[in-house]
Amino acid sequence: MNNASRLKNKHILISGAGVAGPALAYWLHRRGFTPTIVERAPALRDGGYAVDFRGEAHLTVLDRMGITADVRREQTNMGAMSYVNEAGRKISSMPADLFSGDVEILRGDLGRILHRVTEEHVEYVFDDSIVSVTEDDRGVQVTFERSAPRRFDLVVGADGLHSAVRGAVFGPESRFVKEMGLYCAIFTTANHLGLDHTGHLYNTPGKVVGVYSARNNTEAKAMFHFGSPPLDYDRRDVGQQKKILAEAFAGNGWETPRLLKAMWDAQDFYFDSISQVRMDGWSRGRTVLLGDAAYCASPLSGMGTGLAMVGAYVLAGELAAADGDHLVGFARYEEAMRDYVAGCQKSADGVGKWMVPDSRFLAWFMTQNYKLLPYLPWKGMIAKSVRRTADAITLKDYGL
Ligand SMILES: Cc1cc2nc3c(=O)[nH]c(=O)nc-3n(C[C@H](O)[C@H](O)[C@H](O)COP(=O)(O)OP(=O)(O)OC[C@H]3O[C@@H](n4cnc5c(N)ncnc54)[C@H](O)[C@@H]3O)c2cc1C
């Protein structure tokens with residue numbers, strides 16, 4: 001067990017109150033550090049689709065945080081999802097056991113749980129963003145868009161795919177973010193199809209639109225994926241992003257017009273490229289990156305949220321084990337996570353092609369494939385490969 005009085009570098013600024021940031025704050029506080037979180041949004045960000053926890057490492061972290069029961073209480077309990085034709089008739093189903101993890105929860109619900117278990121001990125500063133990080137021998141001087149400058153011992157960038165910390169300390173996004181040729185959008189809407197713990201998907205070449213029930217069928221999530229070369233748009237301009245989506249799906253059949261109409265009123269609209277972050281190193285001096293900011297595996301991996309939570313556990317654990325020595329702690333964090341991250345990123349290879357087929361033939365082939373999947377030999381192989389990726393890390397017990 002580490003000795004709190006021996007700890008160095010106690011004051012730690014975390015950028016981002018998504019998943020990785022609050023999870024790290026939880027562990028840092030528990031190990032004797034004093035974390036502060038700065039979040040650009042004015043309040044906790046809701047929205048996003050269901051995220052999965054898969055395998056021993058994910059479940060162990062939830063357990064050690066004492067939030068397994070909370071997560072299970074709010075799990076989605078989704079059944080199989082169906083592909084439908086233009087008239088809404090079911091063509092085939094994707095088996096739930098293959099595509100959902102061990103526990104599935106809406107990202108927004110998970111965010112609220114993480115906030116609840118940290119808010120008492122962690123200072124949250126909303127509606128602000130780090131502008132610059134200047135390091136000297138004793139710590140870092142941080143300037144913000146709105147707050148007065150402050151000093152901290154260490155800075156953690158847990159601010160997602162488009163991390164401001166990564167931009168300020170490591171260099172421009174274009175060096176690290178690899179777009180995978182797809183964009184995705186998701187927002188909450190009415191469950192007008194009366195879906196009962198299920199979802200419907202409709203695909204046309206280069207596009208998939210879907211809707212699935214959420215929060216015990218009281219609402220639904222509309223989701224859109226489409227293939228596109230990199231788009232030039234303002235990430236803070238939601239109106240512009242909605243326009244891009246409306247144009248990409250103009251003329252698309254099935255429920256698309258109704259969903260697009262609802263989109264204009266959606267308060268939790270999420271839009272982004274499907275990308276990975278690849279970096280040779282995740283720390284520089286007193287700054288370290290965590291979660292999507294460092295090693296986004298993309299939604300195609302189905303591992304991103306668990307990866308962020310495991311990373312938070314390991315980073316806080318290694319830092320505490322090194323009595324706060326950041327050079328040692330950061331290096332051990334990276335060593336413990338590298339292979340696991342590589343496996344999770346690799347698991348996304350080729351997934352986009354079958355999720356959003358770019359031709360009529362491939363779209364047809366994939367729906368037939370799902371129909372036959374329960375009887376095909378590769379169902380077991382897919383399941384095994386998912387397990388292997390999820391179980392590719394053995395978590396240390398850092399005590400406490
Ligand atoms: C609103 C939202 C919806 C999402 N929906 C999906 C989804 O549907 N499917 C999916 O696969 N992934 C989604 N993601 C990404 C997913 O949450 C992450 O891949 C994963 O959970 C890893 O979490 P993270 O904490 O590293 O990153 P994120 O969950 O992306 O959290 C990053 C946080 O940093 C904040 N932030 C960004 N810039 C700054 C800044 N300059 N200063 C301070 N804070 C900043 C963001 O507002 C966010 O709260 C979504 C992310 C967000 C923010």
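Here the structure is a predicted model, which is why all the values come from computation and not from measurement.
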Cut-off 3.5 Å, side chains only: do [X] and [Y] have a donor facing an acceptor?
{"X": "Asp153", "Y": "His11", "result": "no"}
{"X": "Asp196", "Y": "Asn217", "result": "yes"}
{"X": "Ser132", "Y": "Thr143", "result": "yes"}
{"X": "Lys221", "Y": "Thr189", "result": "no"}

Determine whether a donor-acceptor pair (N or O, by modelled atom type, separation under 3.5 Å) exists between the side chain of [X] and the backbone of [Y].
{"X": "Ser213", "Y": "His197", "answer": "yes"}
{"X": "Ser298", "Y": "Leu300", "answer": "yes"}
{"X": "Lys242", "Y": "Ala266", "answer": "yes"}
{"X": "Gln276", "Y": "Gln345", "answer": "yes"}
{"X": "Glu74", "Y": "Leu110", "answer": "no"}
{"X": "Asp272", "Y": "Tyr183", "answer": "no"}
{"X": "Gln141", "Y": "Asp136", "answer": "no"}
{"X": "Asp52", "Y": "Glu104", "answer": "no"}
{"X": "Thr198", "Y": "Leu195", "answer": "no"}
{"X": "Thr389", "Y": "Ser385", "answer": "yes"}

Query raised in the report: Does Tyr83 share a hydrophobic cluster with Val209, counting links as ILVMFWY side-chain heavy atoms below 4.5 Å and allowing steps through other members?
Result: no
Under 4.0 Å between a Lys/Arg side-chain N and an Asp/Glu carboxylate O for [X] and [Y]?
{"X": "Asp102", "Y": "Arg387", "result": "yes"}
{"X": "Asp70", "Y": "Arg116", "result": "yes"}
{"X": "Arg236", "Y": "Asp234", "result": "no"}

Sequence neighbours excluded and cut-off under 3.5 Å, please list the side-chain donor-acceptor pairs for residues 305-319, or say none.
from: Tyr313; atom 1: OH; to: Arg64; atom 2: NH1; distance (Å): 2.5
from: Tyr313; atom 1: OH; to: Lys396; atom 2: O; distance (Å): 2.7
from: Glu318; atom 1: OE2; to: Lys396; atom 2: NZ; distance (Å): 2.9
from: Glu318; atom 1: OE2; to: Tyr398; atom 2: OH; distance (Å): 2.8

Report summary line: Rounded to the nearest 0.5 angstrom, the CG-NZ distance for Leu182 and Lys207 is 12.0 Å
Requested in this report: For His200, enumerate each residue passing the ring-ring contact (aromatic ring centres under 6.0 Å, His included) test, keeping only those at least two apart in sequence or located in another chain.
Outcome: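 For His200 there are no ring-ring contact (aromatic ring centres under 6.0 Å, His included) partners, ignoring immediate neighbours.
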Query - Heavy-atom check, side chain of Tyr49 versus side chain of Tyr270, under 4.5 Å - result: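 No, their side chains stay 4.5 Å or more apart.
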Query raised in the report: Quick one: does Tyr295's side chain get under 4.5 Å of Leu290's, heavy atoms only?
Result: yes
Minimum-distance pair of heavy atoms, taken over all atoms of [X] and [Y]:
{"X": "Asp391", "Y": "Glu56", "answer": "OD1-N, 3.1 Å"}
{"X": "Ser82", "Y": "Lys90", "answer": "OG-CD, 3.5 Å"}
{"X": "Ser301", "Y": "Cys344", "answer": "CB-O, 3.4 Å"}
{"X": "Phe53", "Y": "Leu59", "answer": "CB-CD2, 4.4 Å"}

Requested in this report: Sort and list the pairs that fulfil ring-ring contact (aromatic ring centres under 6.0 Å, His included) and have at least one residue in residues 125-167, not counting sequence neighbours.
Outcome: Tyr124-Phe126
Compile the donor-acceptor pairs under 3.5 Å between side chains in residues 257-265 and protein atoms, sequence neighbours left out, one pair per line.
from: Arg258; atom 1: NE; to: His192; atom 2: NE2; distance (Å): 3.4
from: Arg258; atom 1: NE; to: Glu255; atom 2: OE1; distance (Å): 3.2

Requested in this report: For Arg360, look at atom CZ and say whether over 12 heavy atoms of other residues, nucleotides or ligands are found less than 6.0 Å away.
Outcome: no
**Report entry** Asp349, CG: over 12 other non-hydrogen atoms inside 6.0 angstrom
**Finding:**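 Yes, because the 6.0 Å sphere around CG of Asp349 holds more than 12 heavy atoms from other groups.
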Query raised in the report: Which pairs count as side-chain hydrogen bond (donor to acceptor under 3.5 Å, both in side chains) when at least one residue sits in residues 34-45, sequence neighbours excluded?
Result: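 Matches after skipping sequence neighbours: Thr36-Glu123.
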Query - Co-members of Val328 in a cluster of I, L, V, M, F, W and Y side chains, linked at under 4.5 Å - result: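 Its cluster partners, ordered by chain and number, are none at all.
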